[in-house]
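Following: one structure in structure tokens, then a few remarks.
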Amino acid sequence: MVLDGENKSSVTTFILLGFSEYPQLQVPLFLAFLTIYTVTLVGNLGIIAVIRINPKVHTPMYFFLCHLSFLDICYSSVFTPKLLEILVVEARSITFRGCMVLFFFGCTFVITEMFVLAVMAYDRFVAVCNPLLYTVAMSPKLCALLVAGSYTWGGICSLTLTYSLAELSFCGSNIINHSGCEYSAILSLSCSGPYFSQMACLIISTFNETSSLLIILTSYIFIVFTTIKMTSSGGLHKAFSTCASHLTAITIFHGTILLLYCVPNSKSSWLLVKVATVFFTVMIPMLNPLIYSLRNKDVKETVRKLIISKHLSHSI
């Protein structure tokens, strides 16, 4: 704590409680999260490597998937290392500036991924509904603009929310009942009027969730109508297999976000918020490469060829 110009104490360091109320679980949780984080890095880096190696998958769908894997690595790496640290060390502190930096990057990558998933839904709409014009409609320039727009919008939203937190005064408790620098947990410690911060969070989160889901739902409504008109079973199967992985990823990602929105803001619900946030930031980045690799024949074929070539080179 330090004194500001008005002789009022100001918080410069936060204490992250994490799961400290369950001391017997600290080591098992550390080992579980370390394993998950390792699988996340290996799985997503593997997806990126497979896409880079195989010329057959140099298509818009895999271009977006490559960025999805990159974002999974990024926002998992923002959150998980600090989570692992507070599980094994006694001092669970983080500076105010460090907390703002973690929040900024974490928020940027999550919002960017939200819109990359929406862009992937649009890509699937074009692939299923206009297959003959797919390569023309989803040109490399358009794909690059869509991804760049997602990153830019994520950065703008995150910068706004981080500014709204940085402008608050923190002069009371410095204990964050969370395992990371989560928005509502930081906001609950403020001793100044949080109206601007609350409104900024409400407007940005509502707009982003509504607009991204609207793009996804609209795309899949057109996909459903197109598949209904298909007479061949082969066309139906191809359309379903094209969209199944993406639908699974969307359901898990947005389902968790909506769950966090619906949790009441009370002390009794903080454990659910912490668990849901950990699932969102630790588990989902690990699940995405598994979802796309297990259901994608191109990815599985590339991995199979790499394993065979590796085995042959060792045999020789």
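This structure is a prediction, so every number in the text was calculated from the model and none was measured.
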Looking only at atom types and distance, does a side-chain atom of Asn44 sit under 3.5 Å from a main-chain N or O of Ile73, one as donor and one as acceptor?
no
Distance in Å, His254 NE2 paired with Leu117 CG, rounded so as to fall on 0.5 Å steps:
5.5 Å
With distance as the sole test, does Lys274 use its side chain to make a donor-acceptor pair with the main-chain N or O of Gly18 at under 3.5 Å?
yes
Between CZ on residue Phe170 and OG on residue Ser190, distance to nearest 0.5 Å
5.0 Å
Could you walk me through whether Glu167 and Phe196 pass the side-chain contact (heavy atoms from CB on, under 4.5 Å) test, one step at a time?
CA-CA 10 Å; Glu167 287 298 296; Phe196 172 72; over 6 Å; no
Which atom names give the shortest non-hydrogen contact between Ser20 and Leu17, and what distance separates them?
OG-O, 2.9 Å
Under the side chain to side chain donor-acceptor pair (under 3.5 Å) rule, what do Tyr37 and Ser77 come out as? Steps first, then yes or no, please.
CA-CA 8 Å; Tyr37 183 54; Ser77 297; 2.8 Å; yes
Should we count CZ of Phe70 as having more than 12 external heavy atoms under 6.0 Å?
no
Residue pair Leu187, Leu165: steps toward the side-chain contact (heavy atoms from CB on, under 4.5 Å) verdict:
CA-CA 7 Å; Leu187 199 62; Leu165 286 178; 4.2 Å; yes
What do the steps show when you test Ser179 against Thr277 for side-chain contact (heavy atoms from CB on, under 4.5 Å), and what is the final call?
CA-CA 9 Å; Ser179 49; Thr277 305; 5.8 Å; no
Looking at every non-hydrogen atom in both residues, tell me the closest pair between Ile111 and Gly154 and how far apart they are.
CG2-CA, 3.7 Å
Spell out, as yes or no, whether a donor-acceptor pair under 3.5 Å connects the side chain of Asn288 to the backbone of Ala249.
no
How long is the straight-line distance from CD1 of Ile47 back to SG of Cys66, given to the nearest 0.5 Å?
9.5 Å
Kindly compute the distance separating CZ (Arg124) from CG (Leu247), expressed to the nearest 0.5 Å.
11.0 Å
Quick one: does any side-chain atom of Gln26 pair with a main-chain N or O of Tyr22 as donor and acceptor, under 3.5 Å?
yes
If every non-hydrogen atom of Met138 is compared with every non-hydrogen atom of Pro60, which pair is closest and at what distance?
O-CG, 3.5 Å
Within the distance-only criterion (no hydrogens, no angle test), does the side chain of Thr162 pair as donor or acceptor with the backbone N or O of Leu159 below 3.5 angstrom?
no
Taking every non-hydrogen atom, the tightest pair across Thr256 and Ile252
OG1-O, 2.8 Å
Please check if the distance between the ring centroids of His58 and Tyr62 is under 6.0 Å.
no
Tell me if the centroids of the rings in Phe280 and Phe253 come within less than 6.0 Å of each other.
yes
Less than 4.5 Å apart, side chain to side chain, heavy atoms only: is that true for Met100 and Ile186?
yes
Where is the tightest heavy-atom contact between Met120 and Phe64, given as atom of each residue plus distance?
CG-CB, 3.5 Å
Does any non-hydrogen side-chain atom of Thr95 lie less than 4.5 Å from one of Thr12?
no
Would Phe125 and Leu214 show up in the same hydrophobic cluster when neighbours are defined by side-chain heavy atoms closer than 4.5 Å?
no
Nearest-0.5 Å distance that lies between atom OG in Ser76 and atom CZ in Phe33:
11.0 Å
If we only count heavy atoms from C-beta on, is the Phe14 to Ile175 side-chain gap below 4.5 Å?
no
Calculate, to the nearest 0.5 Å, the distance between atoms OG1 and CD1 belonging to Thr218 and Ile223 respectively.
11.0 Å
If you count heavy atoms of other groups shown closer than 6.0 angstrom to CZ of Phe30, is the number above 12?
yes
Honestly curious: do Ile176 and Val275 fall in one hydrophobic cluster under the side-chain, below-4.5 Å linking rule?
yes
Walk me through whether Cys107 and Cys157 qualify under disulfide (SG to SG under 2.5 Å).
CA-CA 8 Å; Cys107 185; Cys157 291; over 6 Å; no
Verify, without hydrogens or angle tests, whether Asn130 (side chain) and Val126 (backbone) share a donor-acceptor contact under 3.5 angstrom.
no
Pick from Ser164, Ser205, Ser188: which one makes a side-chain hydrogen bond (donor to acceptor under 3.5 Å, both in side chains) with Tyr183?
Ser164
Any chance OH of Tyr151 has more than 12 other-residue heavy atoms, nucleotides or ligands included, within less than 6.0 Å?
yes
I'd like to check Phe19 versus Val278 (side-chain heavy atoms, cut-off strictly below 4.5 Å). Are they in contact?
yes
Has Asn208 got a side-chain atom pairing as donor or acceptor with Ile204's backbone, closer than 3.5 angstrom?
yes
Any donor-acceptor pair under 3.5 Å from Arg92 side chain to Ile86 backbone
yes
Go through the steps to decide whether Thr13 and Ile94 satisfy the test side-chain contact (heavy atoms from CB on, under 4.5 Å), and finish with yes or no.
CA-CA 6 Å; Thr13 304; Ile94 182 171; 6.0 Å; no
Please state whether the rings of Tyr220 and His246 are parallel, tilted or perpendicular, taking 30° and 60° as the class boundaries.
parallel
Where the side chain of Ser212 meets the backbone of Glu209, is there a donor-acceptor pair that is under 3.5 Å apart?
yes
If you compare all heavy atoms of Asp72 against all heavy atoms of Pro285, which two are closest, and at what distance to 0.1 Å?
O-CB, 3.6 Å
